[in-house]
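All values derive from a computational prediction rather than experimental measurement.
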Amino acid sequence: MVLTEVIRLLSAEVICGHDKINLQVESACAGDLLSDLLTFSHNKTLLLTGLTNPQVIRTAEIIDLAAIIFVRGKRPNGETLQLAQEKQIPLLVTQLPLYECSGILYSAGLREDTSKETREEAKES
Amino acid sequence: MKNGTNPEADRDQKICLSFNVEGGNFLSAGEASIRLKHTLQHIGYPASLIRRVAVAAYEAEMNIIIHADSGVLKAEVTPEAVTIWAEDKGPGIEDIGLAMQEGYSTAPNYIREMGFGAGMGLPNIKRCADIFEIETHVGIGTKIRIVIFNKQKTN
Ligand SMILES: Nc1ncnc2c1ncn2[C@@H]1O[C@H](COP(=O)(O)OP(=O)(O)O)[C@@H](O)[C@H]1O
Ligand SMILES: [Mg+2]
């Protein structure tokens with residue numbers, strides 16, 4: 001799914017990375033526990049979260065998240081925004097709550113990437 | 001020890017990195033791990049391997065920041081493996097068995113509000129590592145050693 005489609009589906013506002021809205025996302029994950037996200041995210045993954053602190057951007061950089069959507073109208077502070085600009089990670093804001101966002105994107109065909117198997121394979125290979 | 005800017009490569013293609021990590025300093029939290037990650041990208045390590053190294057290093061770095069007073073994150077990169085040491089001065093861990101359990105955390109609420117303190121850090125590290133060793137002394141500090149082998153060698 002192209003990011004512009006995500007933006008349309010969630011009526012999201014782009015607050016960082018306007019030049020990257022044509023990138024392709026292949027999976028999505030949602031949550032407010034960064035360590036959990038570290039275990040099951042994959043490349044070209046979209047993160048839906050209510051967390052807006054700079055740690056979210058660092059986490060995104062560690063696992064190469066494609067883009068971040070802040071739900072329920074939450075806006076990151078200047079520090080977070082600045083870090084995202086430096087790292088060139090697109091940030092979106094939607095007014096919709098997490099559950100609804102997940103439902104919409106899931107119905108539109110964006111799924112969470114295969115979790116455990118892929119992880120174990122990665123270790124084996 | 002200075003935070004490593006220029007990785008020193010010797011004749012054996014060994015790169016050593018070292019970063020000071022300050023307890024409670026969330027502003028730069030993750031920087032050391034990201035530098036390690038960039039180093040591996042630069043020398044062309046496989047992406048799946050880089051991910052495991054980055055996640056393990058990041059969790060170890062965060063544990064120093066969250067739970068300890070100060071510490072060092074060191075890494076040695078060779079074509080065969082990445083070894084990471086996370087060593088801190090801090091409270092140590094009373095019950096390692098408990099600490100290794102998924103979901104066990106003593107992190108205070110404000111840490112949880114930042115998205116950490118899910119009690120998944122040490123289990124995550126173990127999952128990413130080929131070798132994982134932990135040595136801890138209550139009231140003194142904790143040392144972790146992580147080895148991740150590069151099975152698809154770069155050269
Ligand atoms: N470097 C450390 N120094 C002291 N205690 C630690 C350290 N690392 C982990 N711990 C203890 O082990 C528990 C579990 O660690 P971890 O799995 O990383 O979860 P979390 O960091 O989310 O609490 C921590 O809550 C803490 O009590
Ligand atoms: Mg932890």
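Considering B/E87, B/E133, B/E135 as possible partners of B/R145, the one that fulfils the side-chain hydrogen bond (donor to acceptor under 3.5 Å, both in side chains) test is B/E133.
Taken together through direct or relayed side-chain contacts under 4.5 Å among Ile, Leu, Val, Met, Phe, Trp and Tyr, A/M1 and A/I89 form parts of separate hydrophobic clusters.
With a 4.5 Å cut-off on non-hydrogen atoms, B/E102 does not touch chain A at all. In this structure, no portion of A/T49 lies under 4.5 Å from any heavy atom of chain B. Contacts between A/N53 and chain B at a heavy-atom distance below 4.5 Å involve the side chain alone, from C-beta outward. Contact annotation for B/L27: both backbone and side-chain heavy atoms come within less than 4.5 Å of a heavy atom of chain A. Interface residue A/L33: backbone and side-chain heavy atoms are both found under 4.5 Å from chain B.
Listed for the B/D88 side chain is no donor-acceptor partner under 3.5 Å among the backbone atoms of B/A68.
Every residue two or more places apart in sequence or in another chain that forms a side chain to side chain contact (heavy atoms under 4.5 Å, CB included) with A/I104 is listed here: A/L9, A/L10, A/L96, A/E100. For A/F70, there are no ring pair (Phe, Tyr, Trp, His ring centres under 6.0 Å) partners at least two apart in sequence or on another chain.
For the set B/E113, B/E31, B/R112, B/M62, the count of heavy-atom pairs under 4.5 angstrom toward chain A peaks at B/E31.
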